Amino acid sequence: MSTVAQSVPPVVVPAGTTAGTALREAGLPGKGPEAIVVVADGDGALRDLSWAPMVNSEVRPVPANSPEGRSVIRHSCAHVLAQAVQELYPEAKLGIGPPITDGFYYDFDVPRPFTPEDLQALEKRMKQIIKSAQRFSRRAVDSVEDAKQELAAEPYKLELVDLKSDVDTSEVMEVGGGELTIYDNLDPRSGERVWGDLCRGPHLPTTKHIPAFTLMRSAAAYWRGNEKNPQLQRIYGTAWESAEALDAYLELLAEAERRDHRKIGAELDLFSFPEEIGSGLAVFHPKGGIIRRELENYSRQRHEQAGYEFVNSPHISKSGLFHTSGHLPYYADTMFPPVQFEGEDYYLKAMNCPMHHLIYRSRGRSYRELPLRLFEFGTVYRYEKSGVVHGLTRVRGLTMDDSHIYCTKEQMPGELRSLLRFVLDLLADYGLADFYLELSTRDDSPKFIGDPQQWEEATEALRAAAEDSGLELVPDPGGAAYYGPKISVQAKDAIGRTWQMSTVQVDFQHPQRFELEYQAADGTRKQPVVLHRALFGSIERFFGVLTEHYAGAFPAWLAPVQVVGIPIAAEHAAYLADVATALRAKGIRVEVDASDDRMQKKIRNHTTQKVPFLVLAGGKDVEAGAVSFRFRDGSQINGIPVDRAVAEIADWVARRENDSPNAENFKVGG
RNA sequence: GCCGCCUUAGCUCAGUCGGUCAGAGCGACGCACUCGUAAUGCGUAGGUCGGGGGUUCGACUCCCCCAGGCGGCUCCA
């Protein structure tokens with residue numbers, strides 16, 4: 001990623017002068033990555049450089065290499081794409097074309113979907129348009145009627161004009177801001193109008209101000225995001241303030257592809273999705289099984305220390321349970337269809353909470369037992385639509401590290417605070433330590449049930465806990481579960497991508513629905529609050545995220561094979577076998593490679609398998625009672641006495657060191 | 001679920017216009033080699049070309065259906 005520009009000092013645009021002129025006079029750059037592409041007026045609204053205020057106005061110049069600047073570049077680039085599409089495919093009707101994170105798209109109604117060859121041709125045409133330096137020229141349309149007349153050939157734009165009053169979001173760039181405007185693309189020499197689009201802007205001064213772009217892919221997308229609407233063909237692209245910034249972005253994508261857990265999972269023999277079992281249903285191979293077991297074991301240990309009690313529940317139950325919980329009416333379409341026997345519908349469980357509530361309810365509870373923390377690695381099945389299943393991150397069978405905490409209303413704020421702390425600490429132990437939080441609340445959608453007062457109370461308790469953590473808190477209105485608000489923990493991985501990890505939810509609904517109670521100190525019966533909490537979310541997903549975070553080079557404590565002994569010649573294998581025995585006695589997963597391969601080949605094999613410690617021994621080592629280390633990064637430490645090597649490896653693993661060991665950080669020399 | 005694309009050996013991939021094109025590298029196996037920090041050499045075996053139907057004298061190749069995958073859309077308790 002390229003650097004974001006320093007903020008540029010404000011500039012005063014004299015009345016009747018264009019912003020562009022004022023900037024030029026102030027000596028601000030008009031080209032290059034720091035070129036000023038638009039300005040923000042006193043209200044923060046972005047304006048074209050051709051904007052000329054009625055009165056002297058102080059504006060904030062927006063450079064190309066700022067988030068706002070990039071959005072403008074991308075938005076303008078989307079226009080160029082649309083122009084190219086309509087030139088090459090005149091029958092194409094325009095949808096919308098906004099900038100998005102890291103790029104832009106434009107939707108088109110075309111008789112035939114775009115092919116990769118089409119994209120190439122479009123890119124070529126776009127380059128010509130950009131080179132020709134067409135001017136983006138803003139023009140206000142006097143009335144809705146005029147707009148409709150002008151846009152008569154564009155049915156989707158007409159729809160937007162009609163929707164103008166109630167569509168005014170950043171996603172719909174076409175309309176908004178109280179007036180309708182059209183941006184015309186003008187030929188720089190003749191001034192002739194070459195193309196135009198309904199758009200509220202702002203835009204770059206000319207197409208030539210698009211320094212670097214590329215088209216990425218095409219795909220179908222529903223008009224206005226509704227699956228009942230027709231599908232349009234969407235073309236995705238990206239555009240940046242410089243060729244370097246574009247290259248850096250493409251390199252990031254390439255790195256993400258190299259880290260793809262689906263690819264690494266096959267290469268390292270961790271898991272697979274046998275077609276015979278069905279889509280979205282994973283099997284973990286022995287090596288993946290080890291990683292999974294280590295992940296789970298450490299979590300179990302920490303939960304035990306934190307006062308959780310372990311429970312187990314079945315994978316299937318009668319339908320009544322999910323009616324009681326309220327899940328069935330809401331999520332029937334993502335539950336597997338029921339199996340019928342003995343006159344009953346049985347459903348595969350899609351969530352663990354109802355089972356845990358029954359455990360709570362199995363006998364009377366006293367306030368002295370609260371908070372009661374039930375924990376289970378509970379496997380659930382969800383009928384994800386065929387088009388959404390994706391590696392380990394979106395599956396149909398998954399194991400949640402699910403817990404439900406039953407506490408009094410008074411205990412809730414404190415419990416939420418310690419819960420969040422616990423979650424963040426534990427994630428950090430797995431090597432994810434860069435977080436922000438998201439607070440998902442209700443909006444006025446009818447899907448949210450329950451007393452608004454209770455929602456308010458729960459939301460505030462969550463907010464307080466979140467603020468207490470000191471982390472950034474991002475609001476997510478309307479993102480709550482139907483039964484209560486939640487905090488989700490977003491973790492940044494090694495290459496800066498964010499993943500939703502843990503969630504903590506407050507639930508006043510289930511205690512009512514399941515008639516949960518406890519006997520209070522004053523002898524009355526009261527209703528507990530339920531906190532739902534998953535840390536990994538799903539173990540499969542967490543596994544996938546960790547695989548990508550570490551690019552398959554798992555920390556030694558998680559690595560399926562922690563040490564491989566490599567003899568310099570076959571005669572040294574027995575010596576290494578003894579070293580391996582000593583390591584194994586310390587609980588280390590170790591193998592000796594006694595195959596016929598050459599030593600160099602063995603190093604290559606086990607390095608590509610991401611084994612953290614390669615322990616070599618040849619004549620010199622045997623003589624000295626020593627071994628030599630080679631690490632994943634190619635660094636080495638030679639001649640370490642065997643007992644010392646064994647102790648240091650065991651210690652490294654026991655410490656759960658998340659860094660990859662190398663000659664620098666593996667201090668055996670002392 | 002919707003749209004587009006894809007599926008050839010365990011893996012990664014060639015395969016022209018429907019007719020000696022069932023092919024390579026890696027891996028596996030065998031033999032030789034015994035080597036000081038990322039690929040030793042030689043040889044052998046492996047495929048109903050995802051499955052099913054159709055068109056054709058003839059289908060890996062064209063058409064239809066299904067399954068699985070990829071990229072999006074929608075969805076994600």
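Computed from a predicted model, the values in this text were never measured in an experiment. All chains are named by letter (A, B, ...) in the order of the sequence lines, taking the proteins before the strands, and each is independently numbered beginning at 1.
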Original post:
Who does B:C35 pair with, Watson-Crick or G-U, both distances under 3.5 Å?
Top reply: none

Subject >> Audit row: A:Tyr331, A:Tyr482, ring-ring contact (aromatic ring centres under 6.0 Å, His included) steps and yes/no >> reply: CA-CA 11 Å; A:Tyr331 299 113; A:Tyr482 71 88; 5.7 Å; yes

Original post:
Is it the case that A:Thr334 and A:Arg382 place a side-chain donor and acceptor less than 3.5 Å from each other?
Top reply: no

Original post:
Using a heavy-atom distance cut-off of less than 4.0 Å, which residues of residues 529-545 of chain A contact RNA chain B?
Top reply: none

Original post:
Which of residues 609-621 of chain A sit near RNA chain B, with a heavy atom under 4.0 Å from it?
Top reply: A:Leu616, A:Gly618, A:Gly619, A:Lys620, A:Asp621

**OP:** Could you give me the CA-CA distance, side-chain angles and deciding distance for A:Phe629 and A:Phe631, then say whether ring-ring contact (aromatic ring centres under 6.0 Å, His included) is met?
**Re:** CA-CA 7 Å; A:Phe629 282 86; A:Phe631 302 99; 5.8 Å; yes

Original post:
Is any NZ, NE, NH1 or NH2 atom of the basic residue among A:Lys620 and A:Glu623 found under 4.0 Å from an Asp or Glu carboxylate oxygen of the other?
Top reply: no

Original post:
Quick one: is B:C70 close enough that its OP1 or OP2 comes under 4.0 Å of any side-chain N or O from A:Arg262?
Top reply: yes

Subject >> Side chain to side chain, A:Val85 and A:Tyr106, heavy atoms closer than 4.5 Å >> reply: no

Original post:
Considering only side-chain heavy atoms of A:Met599, which listed nucleotide, B:U37, B:C76, B:A77, is closest?
Top reply: B:U37

Check nucleotides 44-48 of chain B against the protein and report each pair of N or O atoms closer than 3.5 Å, with its distance, or say if there are none.
none

Original post:
Given that both distances must come in under 3.5 Å, which nucleotide forms a Watson-Crick or G-U wobble pair with B:C2?
Top reply: B:G72

Original post:
Tell me, do A:Val474 and A:Leu437 make a side-chain contact under 4.5 Å, heavy atoms counted?
Top reply: no

Original post:
From B:G36, B:U34, B:A77, pick the nucleotide closest to the side chain of A:Asp596?
Top reply: B:U34

**OP:** Determine the contact category for A:Thr608: base if any of its heavy atoms lies under 4.0 Å from a base atom, sugar-phosphate if only primed atoms, P, OP1 or OP2 are that close, otherwise nothing.
**Re:** base

Original post:
Of the candidate nucleotides B:C76, B:A38, B:C75, which contains the atom at the shortest distance from the side chain of A:Lys385?
Top reply: B:C75

Original post:
Closest to the A:Tyr383 side chain: B:A77, B:A67, B:G1?
Top reply: B:G1

Original post:
When the C1' atoms of B:G47 and B:U40 are considered, how many whole Å apart are they?
Top reply: 29 Å

Subject >> Proximity to the side chain of A:Tyr483 - top-ranked nucleotide from B:G71, B:A77, B:A67 >> reply: B:A77

**OP:** Classify the glycosidic conformation of B:G25 as syn or anti, calling it syn when the angle lies within 90° of 0.
**Re:** anti

Original post:
Given that both distances must come in under 3.5 Å, which nucleotide forms a Watson-Crick or G-U wobble pair with B:G50?
Top reply: B:C66

Original post:
Counting distance only, does the side-chain N/O of A:Lys349 pair as donor-acceptor with the main-chain N or O of A:Pro314 below 3.5 Å?
Top reply: yes

Original post:
So what does A:Glu384 touch, heavy atoms closer than 4.0 Å: a base, only the sugar-phosphate, or nothing?
Top reply: nothing

**OP:** State whether the aromatic ring of A:Phe114 stacks on the base of B:G4, taking stacking to mean ring centres under 5.5 Å apart and ring planes under 30° to each other.
**Re:** no

**OP:** Mind checking A:His606 for me? I need base, sugar-phosphate or nothing, with any heavy atom below 4.0 Å counting as a touch.
**Re:** nothing

**OP:** Would you mind classifying the nucleic acid contact of A:Ser628 as base, sugar-phosphate or nothing, using non-hydrogen atoms under 4.0 angstrom?
**Re:** base

Original post:
Can the positive tip of A:Arg442 be found less than 6.0 Å from the middle of the six-membered ring of A:Phe448, inside 45° of the ring normal?
Top reply: no

Original post:
Under 3.5 Å, is there a donor-acceptor pair linking the side chains of A:Ser313 and A:His356?
Top reply: no

Original post:
Backbone N or O of A:Leu215 within a donor-acceptor pair of the A:Glu123 side chain at under 3.5 Å?
Top reply: yes

Atom pairs, N/O to N/O, protein against nucleotides 5-7 of chain B, distance under 3.5 Å?
none

Original post:
Which listed nucleotide (B:A77, B:U37, B:G69) is nearest to the side chain of A:Asn638?
Top reply: B:U37

Subject >> Sugar-phosphate, base or nothing in reach of A:Thr334, heavy atoms under 4.0 Å >> reply: base

**OP:** For RNA chain B, find the residues of residues 311-325 of chain A with a heavy-atom distance under 4.0 Å and give them by number; none if there aren't any.
**Re:** none

**OP:** Ignoring the backbone of A:Ala220, work out which of B:G72, B:U37, B:G1 is nearest its side chain.
**Re:** B:G72

Original post:
What is the pairing partner of B:G58, taking Watson-Crick or G-U wobble pairs with both distances under 3.5 Å in any strand?
Top reply: none

Anything under 3.5 Å between a protein N or O and an N or O of nucleotides 24-30 of chain B, put it in a table, one pair a line.
residue: B:G27; atom: OP1; partner: A:Lys601; partner atom: NZ; Å: 2.7

Original post:
Toward the 5' end of RNA chain B, which comes first, A:Glu227 or A:Ala481, by nearest nucleotide?
Top reply: A:Glu227

**OP:** Remember a base hit wins even if backbone is also touched, and classify A:Glu267 as base, sugar-phosphate or nothing at under 4.0 Å, heavy atoms.
**Re:** nothing

Original post:
How far, in whole Å, is B:G69 from B:A22 if one measures between their P atoms?
Top reply: 32 Å

Original post:
Is A:Asp493 paired with A:Arg259 through a side-chain N to carboxylate O contact shorter than 4.0 Å?
Top reply: no

Original post:
What nucleotide, of B:G72, B:A77, B:U37, holds the atom closest to the side chain of A:Gln600?
Top reply: B:U37

Original post:
OP1 or OP2 of B:C75 sitting under 4.0 Å from any side-chain N/O of A:Tyr222?
Top reply: no

Original post:
Should the pair A:Glu257-A:Lys263 be classified as a salt bridge under the 4.0 Å nitrogen-to-oxygen rule?
Top reply: no

Subject >> B:U40 phosphate, OP1 or OP2, under 4.0 Å from A:Arg598 side-chain N/O >> reply: yes

Original post:
Can you tell me if A:Glu548 and A:Trp499 form a side-chain donor-acceptor pair at under 3.5 Å?
Top reply: no

Subject >> Partner nucleotide of B:G43 by Watson-Crick or wobble geometry (both distances under 3.5 Å) >> reply: B:C29

**OP:** Decide whether A:Asn662 and A:Ser635 meet the rule of one side-chain donor and one side-chain acceptor closer than 3.5 Å.
**Re:** no

Original post:
For A:His390 and B:G71, is the shortest distance between a side-chain N/O and OP1 or OP2 below 4.0 Å?
Top reply: yes

Original post:
Can you tell me if the side-chain N/O atoms of A:Ser279 get under 4.0 Å from OP1 or OP2 in B:G69?
Top reply: yes

**OP:** Quick one: label A:Ala219 by what it contacts on the DNA or RNA (base, sugar-phosphate, nothing), any heavy atom closer than 4.0 Å.
**Re:** base

Subject >> Modelled atom types, side-chain donor and acceptor of A:Thr379 and A:Thr399, under 3.5 Å >> reply: yes

**OP:** Please examine the side chains of A:Lys287 and A:Leu268, heavy atoms only from C-beta on, and report whether any two atoms are closer than 4.5 Å.
**Re:** no

Original post:
What does A:Ala266 touch in the nucleic acid at a heavy-atom separation under 4.0 angstrom: a base, only the sugar-phosphate, or nothing?
Top reply: nothing

Subject >> Shortest side-chain distance from A:Tyr236, nucleotide among B:U34, B:C73, B:A38 >> reply: B:C73

**OP:** Classify the nucleic acid contact of A:Arg217 as base, sugar-phosphate or nothing, counting any heavy atom under 4.0 Å across all strands shown.
**Re:** sugar-phosphate

